[in-house]
A.B. asks: 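Before I ask anything, here is the structure I am working with.
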Amino acid sequence: MKFVDYLTKIDRRIIYVILLAVVVLPLLFPSALSVRVMPPVEKLFHAIDAIPEEKALIIDFDYDPQTLPELEPMGFAILRHAFSRRIKVLALSLYVQPLGLAQNALIQVTEEFNSTAQTNRDSVIYGRDYVFLGWQPPPLIPILGMGESIINVYRIDYYGNRTDTLPLLKEIKNYSDIALLVSISSGDPPKWWVEYAQNRFGLQVGAGVTAVSASEFYPFLQTGQFSGLAIGMKGAAEYEELVDNQLHVAGRRKASEALPSLTYAHLVMIAFIIIGNIGFFIKRRQK
Amino acid sequence: MDLILLTAIFVLTPPAGVRAYDTPDDRGGSITVEWNLSSDDAAVERYDVYRSDNGVDYIKIGVIGKGRSVFEDETENNKEYMYKVAAVQDTIIAFSEPSMRVKSVSQWIDRKKINIVVAVFIFGGIILYFIYHARKGKELFIRKIAGVQAIDDAVGRATEMGKPILYCPGIGYIEDIATIASLSIIGEVAKKCAQYDTKFINPHFDPIVYTVAREIVKESYSSVGRPDAFDPDSVYFVTDSQFAYAAAVDGIMLREKPATNFLIGWFRAESLIIAETGASTGAIQIAGTDQVSQLPFFVTACDYTLIGEELYAASAYISKEPLLLGAIKGEDMGKLVIVSILVAASIIGLVTKLHILDLFR
Amino acid sequence: MKRTIPLVLVFIFGLLGFIPFIVPHEIVQSSDDFLRNNFLKILAAFALILGLGSLLRVHIDKIKRKGQNWPYSWVLIITFLVTAIIGLFGGVTGQGVLPTRIGSFSFDIWTIFFNIEVPLGATMFALLSFFMASAAYRAFRARSTEATLLLVAAFIVMLGVLPLGNSISPHLPSFAQWIMDVPNVAAQRGILFGVALGMLATALKIILGIERSWLGGGGE
Amino acid sequence: MNISLDPWVWISALCSLAIFSFLFRDNPVYKLAEHIFVGVANGWAVTFYWHNVLEPSLVDPLFRHGQLLYIIPCIVGMLYLTRFIPKVSWLVRIPIGVSMGYAVGASIPATAQAYIIKQIQGTILTPHNFASWNAGTMGIVWSIILFIGVLCTLSYFYFSKEHKGALGIASRIGIMFVMIGFGAAFGYTAMARVSLLIGRLQFLLGDWLGIIN
């Protein structure tokens, strides 16, 4: 039974090389893969699309470097969606590390729009079309405080301007002027927005979460506490597909480009589990 | 204030029954205006809402699409207002009769939230009732958790084979409930190691948890009458970096070759690295955590896994600590209440036409 | 005295946190907002400094005691000081007092964050996919009926989630979505009820002074 | 293959490779990178402690505008720092008691509503919930499976009675539901971990080496 011994003794490094190859090759030779959009992401897209003109969208950027590849594409896609629909955006973070990634998303997407905008009207201007509120710890302060007044919580914004001087914050005063809040986060923030802001002020909440905590969030989608749910890199790719097809907004679709690699990696992972178990059962029957 | 031109309308009938009232259950600053749709609603483009402080000068404050008959106006508290609603079609405006005088007021109780406060008192009351009894020393029954038996068997196995036992408490801090539960299980395992003179290895991630664990293990050895057998180096602090800790624990597994690994406490992504190496050395592995995201790996990689609350119940069963027992019993009764609510509400929801769901807003 | 004052405070502020939920009155709501925006926010700022202080103290002690890997503690402290100075004096966008540009090479706080912290953090977790692959082969066994059910559900989700699943059969993604919508919600909700009751129990024990382990945290 | 000339992209790439070296074994380069990570992360955090929090909320109102009311939170906040003075370190319990008390007090109704009451509402068998699946008559079947699944999962985590008889059967079914839920979590976690690797490779092969577009 020499084959069985070989089967159960594959060296760790060989497994690493196989995984690396399976992920790198599709990146080198990209192939278009159609993305089928599932209901949870569709709900999120329509929730944002239905934002009336006089109300704003809050985006809570709460992803950090550790969850960047899954959630940053979502941030880009949702910003592209909002700006192309002329929806007013307030950006904030409940933690300090995600601030840098929120700034990166805002800079790049506004750059994409302003480089192609001809008139002042369809370019994206800070203070009029969007405001970056920054960070006010602990999380309970902004979550509850914005129910009464946004500028009382964020006296200055991320860049240090006084918020009572920004035109956008003269119209958007508190949650009654906010149609939807989307929390892009790797942990509990989406639940806090439901627990405190939705329970007390009726705020509508959408969530973009990492795949690790996906199954914990589904009960909140079923009860309607979440108005939509995008999960991991696949959810980001679905949202990119909707933004691309329905809004015809150009922009690099990082999540969609990764799907082929993701597919082959999953197949390899399943194969490893099966091989490992075959060896396990043969050895158990030998005993 | 420009005087609104009152033109007689023959074509459009104005909306009727305009009534305005203070929006209930709020901090004031809001008046709700309702009206019956104009009988020519199909022809109406929109409804304009007008407000006046003195009953003479009216200013337009809101625009509502046709087919809708409610508007919420932001107002100053304790100031009297009157409202009129006009049906509008192109240039034709049909004014309604003015509403009664009304002012917005702050309420002391939000009636929409009473069901939540009642729920807090019900569940809170049950839990406190059992904690109170537990602290008074009343005997509270908890079934023997299968995991506790698995712990005894695993220690026995290591003793027969004369190999050491590795106890990894995870990367939690002293305030994490899973870490506290793990500390009470460390005491139990240490007692058995003292009795059967089995080598006990306990690497730590957090300095505070380390100092508490050392006291517990030392006390376990002396409580079994073997204070001399306690080896102070068996409980030691490794590092406070997540992956370096995982690598260090893997090193111990490969060097010391323990027959049994306990992976009980608060874990994050590094749980995978530790459980994998343990499985590959062929050791019996007992895991336990309340981190739902790590449980799938423990279930497939370990021989027995204490899932979420089972970990709390196991530590309560072992330590017999009144606070823990009281909480577990209280939560059990809370689950019974939830089950009975679900059954009762479902029966009402299916059989009658009552809007039972509104009770659980 | 050392124990009663904190326990009385935790009870009073427990009530102050609970009451605004049920009492919408203007006086209660505006004083609740005032307490949060002007009092609790500043306490949190000092808590941050305490957290930072504890971190630096651990590493300074390690250097003094020449503990294990102490030279790396020097690296940590120096990197921290350099980054903090650039951030505090260079300003959030690099237009502060301290110049953050030499010729075309700019080193404002965001550029340092984006080009050092992001790659380090992102790669640390990218390692996990390698460990996941080797664990898949060496550790994930269908050793019991429960583990078998787990792996079967995992396979369906792993295939169903991807475009490949859709090409195998359009029913696969819908089946994977059904697994997430019905059985998964049932299991997560069952666990959630238990966790919620546990959170309620812990909260009540803390406010009513039954749970006192947090007091111990203060003493040296 | 146009390799990037931006020095920062090179620094970024070297940081990534330093962490990847952990794959072979824990080594000095990895330890160096990890400590730099903690140093930069805290340097970044301190920048915003000042610019976003301390300066606008405390220093500006208290010192520049002389609003003396802010002295009270300032004093209570400073009690946090007594943690490092052994003689009076019990004083740290005062600010902890205040902020933890408020947070715990606010969490009680929030937990009850979001995690108990609303979850009960979503599980009750009523025509409204049947329709919420918008799967036509199948909605009734899904609601019933969900209802049974919740009850059985709860019975598995019931500790006051031996798992025998009806309770035994219910808990067996319950653990089956839990395992399907864990299987779903496992599948998604596998996807999450691989996405992180793909993200890093998109940077190394794209922005750094310029091999991919």
Side-chain angles (χ1 to χ4, degrees), chain C residues 2 6 9-10 13-14 17-18 21 39 41-43 45-48 50 72 75-76 79-80 83-84 87-88 92 109 113 115-117 119-120 122-126 128-129 132 146 149-150 153-154 157-158 179-180 182-184 186-190 192 194 196 199-200 203 206-207 218 220, chain D residues 8 12 15-16 19 31 35-44 46-47 49 51 53-54 57-58 73 77 80 86 89-90 92-93 95 97-99 101-102 104-106 108-109 111 115-116 119 142 145-146 149-150 153-154 157 177-184 186-187 193-194 196-197 200:
Chain C
K2 290 187 182 177
L9 280 175
V10 90
F13 278 88
F18 181 86
F21 173 81
F39 194 84
K41 185 196 273 191
I42 293 164
L43 290 197
F46 283 95
L48 296 173
L50 168 66
Y72 295 105
V75 168
L76 184 142
T79 342
F80 163 69
T83 322
L88 290 171
V92 165
I109 184 72
F113 166 87
N115 291 294
I116 294 181
E117 186 182 333
L120 290 176
T123 317
M124 214 170 274
F125 271 63
L128 284 169
S129 54
M132 183 99 185
E146 285 93 354
L149 196 58
L150 189 150
V157 166
M158 282 169 85
I179 285 182
M180 297 308 290
V182 183
N184 170 59
Q188 296 296 341
R189 188 164 285 164
L192 187 56
M199 285 161 73
L200 212 55
I206 288 173
I207 286 184
E220 245 337 83
Chain D
W8 277 117
S12 224
C15 288
S16 289
I19 298 290
K31 283 195 173 63
H35 283 78
I36 290 174
F37 173 70
V38 176
V40 168
N42 281 285
W44 167 268
V46 160
T47 309
Y49 293 173
H51 286 297
V53 180
L54 278 173
S57 310
L58 182 65
Y80 267 120
S89 70
W90 73 274
V92 79
R93 297 176 190 159
V98 167
S99 22
Y102 183 88
V104 166
I108 290 177
T111 306
Y115 295 166
I116 298 179
Q119 300 302 324
W142 303 159
I145 295 175
L146 177 66
V150 170
T153 309
L154 278 174
F157 292 106
F177 272 92
V178 170
M179 284 306 143
I180 294 174
F182 283 172
F186 183 102
R193 300 302 183 221
V194 178
L196 305 181
L197 174 63
R200 263 315 74 199

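Protein chains get the first letters and strands the later ones, always in sequence-line order, with residue 1 at the start of each. Owing to the predicted nature of the structure, the values given are computational and were not obtained by experimental measurement.
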A.B. asks: Taking every non-hydrogen pair under 4.5 Å, which of D/V178, D/I145, D/I108 racks up the most with chain C?
C.D. replies: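 Most pairs with chain C among the choices: D/I108.
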A.B. asks: Using a cut-off of under 4.5 Å on heavy-atom pairs, state which of C/S129, C/G190, C/A45 scores highest against chain D.
C.D. replies: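 The candidate making the most pairs under 4.5 Å is C/S129.
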A.B. asks: Using 0.5 Å steps for rounding, measure from the CD1 atom of C/I109 to the CH2 atom of D/W44.
C.D. replies: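 The CD1 atom of C/I109 sits 6.5 Å away from the CH2 atom of D/W44.
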A.B. asks: Looking at every heavy atom in both D/I116 and C/A196, which two are closest together, and how far apart are they?
C.D. replies: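 Answer, listing the atom of D/I116 first, then C/A196: CG1-CB, 3.7 Å.
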A.B. asks: Yes or no on side-chain contact (heavy atoms from CB on, under 4.5 Å) for D/I180 and C/N184, after CA distance, side-chain angles and deciding distance?
C.D. replies: CA-CA 6 Å; D/I180 294 174; C/N184 170 59; 5.7 Å; no
A.B. asks: Where on C/I206 is there a heavy atom nearer than 4.5 Å to chain D: the side chain, the backbone, both, or neither?
C.D. replies: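 It is the side chain, since no backbone atom gets that close.
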A.B. asks: With only heavy atoms counted, which part of D/V40 is less than 4.5 Å from chain C, the side chain, the backbone, both or neither?
C.D. replies: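 Both backbone and side chain.
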A.B. asks: Considering only heavy atoms and a distance below 4.5 Å, find which of C/F18, C/Y72, C/F113 pairs most often with chain D.
C.D. replies: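 Going by pairs under 4.5 Å, I would pick C/Y72.
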A.B. asks: Quick one: of D/F177, D/F182, D/W8, who has the most non-hydrogen atom pairs under 4.5 Å with chain C?
C.D. replies: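 Result: the option with the highest number of such pairs is D/W8.
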A.B. asks: What part of D/F157 gets closer than 4.5 Å to chain C, counting heavy atoms only: side chain, backbone, both or neither?
C.D. replies: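 For D/F157, the contact with chain C is made by the side chain alone.
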A.B. asks: Is C/V10 in contact with chain D via its backbone, its side chain, both, or neither, using a 4.5 Å heavy-atom distance?
C.D. replies: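 For C/V10, the contact with chain D is made by backbone and side chain together.
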A.B. asks: Please round to the nearest 0.5 Å and tell me the distance separating atom SG of D/C15 and atom CD1 of C/I116.
C.D. replies: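 The SG atom of D/C15 sits 5.5 Å away from the CD1 atom of C/I116.
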A.B. asks: Go through C/L9, C/V157, C/L48 and name the one with the most non-hydrogen pairs under 4.5 angstrom from chain D.
C.D. replies: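 Greatest number of close heavy-atom pairs with chain D: C/L48.
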A.B. asks: Give me the atom names and distance for the closest heavy-atom approach of C/K41 to D/S57.
C.D. replies: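 In terms of heavy atoms, the two residues are closest at CD-OG, 3.4 Å.
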A.B. asks: Can you give me the closest heavy-atom contact between C/M180 and D/A184, atom names plus distance?
C.D. replies: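 Of all heavy-atom pairs spanning C/M180 and D/A184, the closest is SD-CB, 3.3 Å.
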A.B. asks: Less than 4.5 Å apart, side chain to side chain, heavy atoms only: is that true for C/F46 and D/L58?
C.D. replies: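 Yes, close enough: below the 4.5 Å cut-off.
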A.B. asks: Identify which part of C/L43 has an atom lying under 4.5 Å from any heavy atom of chain D, answering side chain, backbone, both or neither.
C.D. replies: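 Both parts, backbone and side chain.
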A.B. asks: Determine whether C/L200 and D/Y115 satisfy the following criterion, side-chain contact (heavy atoms from CB on, under 4.5 Å), listing intermediate values before the conclusion.
C.D. replies: CA-CA 10 Å; C/L200 212 55; D/Y115 295 166; over 6 Å; no
A.B. asks: Can you name the nearest heavy-atom pair linking C/A153 to D/G183, along with the distance?
C.D. replies: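 Heavy atoms only, the tightest pair is CB-CA, 4.0 Å.
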A.B. asks: Between C/E146, C/R189, C/M132, which shows the greatest number of heavy-atom pairs under 4.5 Å with chain D?
C.D. replies: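 Result: the option with the highest number of such pairs is C/R189.
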A.B. asks: Does a side-chain heavy-atom distance below 4.5 Å link D/R200 with C/F125?
C.D. replies: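 Side chain of D/R200 against side chain of C/F125, heavy atoms only: no contact under 4.5 Å found.
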A.B. asks: Using non-hydrogen atoms and a 4.5 Å limit, figure out which bit of C/M124 sits close to chain D: side chain, backbone, both or neither.
C.D. replies: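 Both parts, backbone and side chain.
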A.B. asks: Nearest 0.5 angstrom please: D/L54 CG to C/L88 CG, how far?
C.D. replies: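 If we round to the nearest 0.5 Å, D/L54:CG and C/L88:CG are 10.0 Å apart.
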A.B. asks: In terms of heavy-atom pairs under 4.5 Å, which option from D/A41, D/P73, D/G149, D/G181 contacts chain C the most?
C.D. replies: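 So the answer, after comparing D/A41, D/P73, D/G149, D/G181, is D/P73.
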